[in-house]
Amino acid sequence: MSTPNHRIRLIMELRRAGVVDTRVLSAVERTPREIFCLPQFRDRAYEDTALPIAHDQTLSQPTVVALMTQALEVQPRQKVLEVGTGSGYQAAILSLLCRRLYTIERHRPLLVDAEERFKTLRLNNVVTRHGDGWAGWTEQAPFDRIMVTAAPDAVPQSLIEQLAVGGIMVVPVGREARSQELLRVRRTETGHEIDNLAAVRFVPLVHGIPMDDEALSAGQARKSRA
Ligand code: SAH
């Protein structure tokens, strides 16, 4: 359910959790989370909990989305990459804070649904790609900011390379869901610096794209060449 009261209560919870950046709070307030939920979870859209979406993936907890967004320190003129579109909720929030938001997802059906939501919300500065986020998006690099919303076992070197000098990446790292750390990586002139922000729990950043989707992509490519 979405009443002004539900949204205000959520904003109060975010403030309590340490979200103080008013641009981030306002982006969360302006984003209707219920449209990113599966129908059977819509009445829980404004609870501060992660919710299941298709393909065993999750729509992240609002507090985690907001704290990660705040840690990314996004500026209005920046080019931002998100890895792991999922429902598109985090992408929608980031898109309100930056110039252009690029987002990559390995499950094509999830991406198709997220694209539909971006259209409904008229988020015209979101650019999507079906692919493996481990490789980043070389054609569009460098990015001022990168947010990874699935956990690799180590910070992917390709993503560090696609960060502009002075750029920031926020990424949950750890093989086991029980022992992941949220890291903030800052690219410097000579290398990079890493801060440890919090303990978190994300689905793994998987290598490659699902077999079915690969067959579909190949089929479509053949069709368009014919
Ligand atoms: N940001 C999402 C939550 C993401 S859950 C939201 O706001 O709803 C993590 C997502 O990362 C899942 O959709 C999963 O399919 C995707 N993912 C996992 N490994 C990936 C990879 N290598 N490349 C792209 N996406 C990946």
Side-chain angles (χ1 to χ4, degrees), residues 10 14 24 27-28 31-38 41-42 44-69 71-72 74 80-98 101-118 121 123 126-138 140 143 145-159 162 169-175 177 180 182 200-214 217:
L10 177 60
L14 299 184
V24 174
V28 173
T31 305
R33 190 165 183 255
E34 68 273 17
I35 79 158
F36 297 88
C37 300
L38 292 172
F41 294 110
R42 266 181 207 145
R44 303 183 55 192
Y46 292 90
E47 286 178 23
D48 190 22
T49 56
L51 294 171
I53 55 173
H55 295 283
D56 284 336
Q57 302 302 318
T58 51
L59 165 57
S60 309
Q61 183 182 350
T63 310
V64 173
V65 169
L67 286 170
M68 284 174 76
T69 307
L72 205 59
V74 181
V80 180
L81 173 67
E82 181 202 26
V83 174
T85 317
S87 69
Y89 180 64
Q90 173 73 77
I93 287 172
L94 286 170
S95 78
L96 296 175
L97 300 171
C98 68
L101 189 271
Y102 297 83
T103 184
I104 308 178
E105 171 58 52
R106 66 188 286 277
H107 279 295
R108 190 187 287 280
L110 288 179
L111 191 64
V112 169
D113 286 352
E115 284 166 345
E116 203 51 50
R117 295 173 180 129
F118 302 144
L121 297 176
L123 301 175
V126 179
V127 188
T128 61
R129 177 178 201 167
H130 175 230
D132 181 0
W134 274 95
W137 195 326
T138 39
Q140 292 297 342
F143 296 95
R145 299 289 186 262
I146 298 179
M147 183 184 290
V148 186
T149 65
D153 47 14
V155 183
Q157 189 56 38
S158 52
L159 296 184
Q162 291 176 31
M169 166 161 53
V170 172
V171 52
V173 171
R175 205 181 298 270
Q180 291 170 5
L182 185 65
V200 284
R201 195 182 266 256
F202 277 84
V203 297
L205 187 71
V206 180
H207 283 278
I209 60 173
M211 290 261 279
D212 288 359
D213 286 3
E214 230 162 338
S217 299

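Read the numbers this way: they start at 1 and go in the same order the structure lists the ligands and their atoms.
- Taking atom 9 (C) of ligand 1 as the reference point, the nearest protein heavy-atom neighbour is T149 O, 3.4 Å.
- Between the side chain of Q57 and the main chain of V203, no donor-acceptor pair closer than 3.5 Å is present.
- When each atom of ligand 1 is checked for a heavy atom of H107 under 4.0 Å away, the hits are 15 (O).
- Atom 22 (N) of ligand 1 has V206 O, 2.5 Å as its closest protein atom, hydrogens excluded (heavy atom only).
- Contacts of R106 with ligand 1, taken as heavy-atom pairs under 4.0 Å, involve both backbone and side chain.
- Nearest approach of A151 to Q180, heavy atoms of both residues: CB-NE2, 3.4 Å.
- Formation of a donor-acceptor pair under 3.5 Å by the H130 side chain with backbone atoms of R106 is found in this model.
- Among all protein heavy atoms, the one lying closest to atom 12 (C) of ligand 1 is Q57 OE1, 3.2 Å.
- Among all heavy-atom pairs drawn from I146 and L72, the shortest one is O-CD1, 3.4 Å.
- A distance-only check finds a donor-acceptor pair linking the side chain of W134 to the backbone of L205 [under 3.5 Å].
- Within the structure, the closest approach of A91 to ligand 1 does not fall below 4.0 Å when heavy atoms are considered.
- Between the choices A54, P204, G133, G88, the shortest heavy-atom distance to atom 18 (C) of ligand 1 belongs to P204.
- Contact atoms of ligand 1 toward L205: 19 (N), 20 (C), 21 (C), 22 (N) (distance under 4.0 Å to a heavy atom of the residue).
- Using a 4.0 Å heavy-atom cutoff, E82 is listed among the residues neighbouring ligand 1.
- Aromatic ring orientation, Y102 versus F143: perpendicular (interplanar angle above 60°, classes split at 30° and 60°).
- The shortest N or O to N or O distance between S60 and ligand 1 is not under 3.5 Å.
- Atom CG of L182 sits about 5.0 Å away from atom CE of M68, to the nearest 0.5 Å.
- Here the protein heavy atom with the shortest distance to atom 11 (O) of ligand 1 is G84 CA, 3.2 Å.
- Heavy-atom contacts of L110 reach the following atoms of ligand 1: 13 (O) (cutoff under 4.0 Å).
- Taking 4.0 Å as the cut-off, T85 counts as a neighbour of ligand 1 on heavy-atom distance.
- Of all protein heavy atoms, the one lying nearest to atom 8 (O) of ligand 1 is S87 OG, 2.6 Å.
- Listed by number with element, the atoms of ligand 1 under 4.0 angstrom from any heavy atom of W134 are 22 (N).
- Near G131, the atoms of ligand 1 lying under 4.0 angstrom from a non-hydrogen atom of the residue are 23 (N), 24 (C).
- Ligand 1 places these atoms under 4.0 Å from at least one heavy atom of D132: 21 (C), 22 (N), 23 (N).
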Apply side chain to side chain contact (heavy atoms under 4.5 Å, CB included) to residues L121 and F36 and explain how you reach the verdict.
CA-CA 11 Å; L121 297 176; F36 297 88; 3.7 Å; yes
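- Remark: the backbone N or O of R33 is paired with a side-chain donor or acceptor of Y46 at under 3.5 angstrom.
- For atom 3 (C) of ligand 1, the closest non-hydrogen atom on the protein side is T58 O, 3.2 Å.
- L81 places none of its side-chain heavy atoms less than 4.5 Å from the side chain of T103.
- Near L59, with a cut-off below 4.0 Å to any heavy atom, the atoms of ligand 1 are 8 (O).
- In terms of protein heavy atoms, atom 13 (O) of ligand 1 is closest to E105 OE1, 2.7 Å.
- Formation of a donor-acceptor pair under 3.5 Å by the E105 side chain with backbone atoms of L111 is not found in this model.
- The shortest contact between atom 7 (O) of ligand 1 and any protein heavy atom is with Q90 N, 3.0 Å.
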T128 vs E115, test: side-chain hydrogen bond (donor to acceptor under 3.5 Å, both in side chains). Steps then yes/no.
CA-CA 7 Å; T128 61; E115 284 166 345; 2.6 Å; yes
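- The minimum heavy-atom distance between H55 and P109, with the atom names listed, is NE2-CG, 3.7 Å.
- Of the heavy atoms in I53, none comes closer than 4.0 Å to ligand 1.
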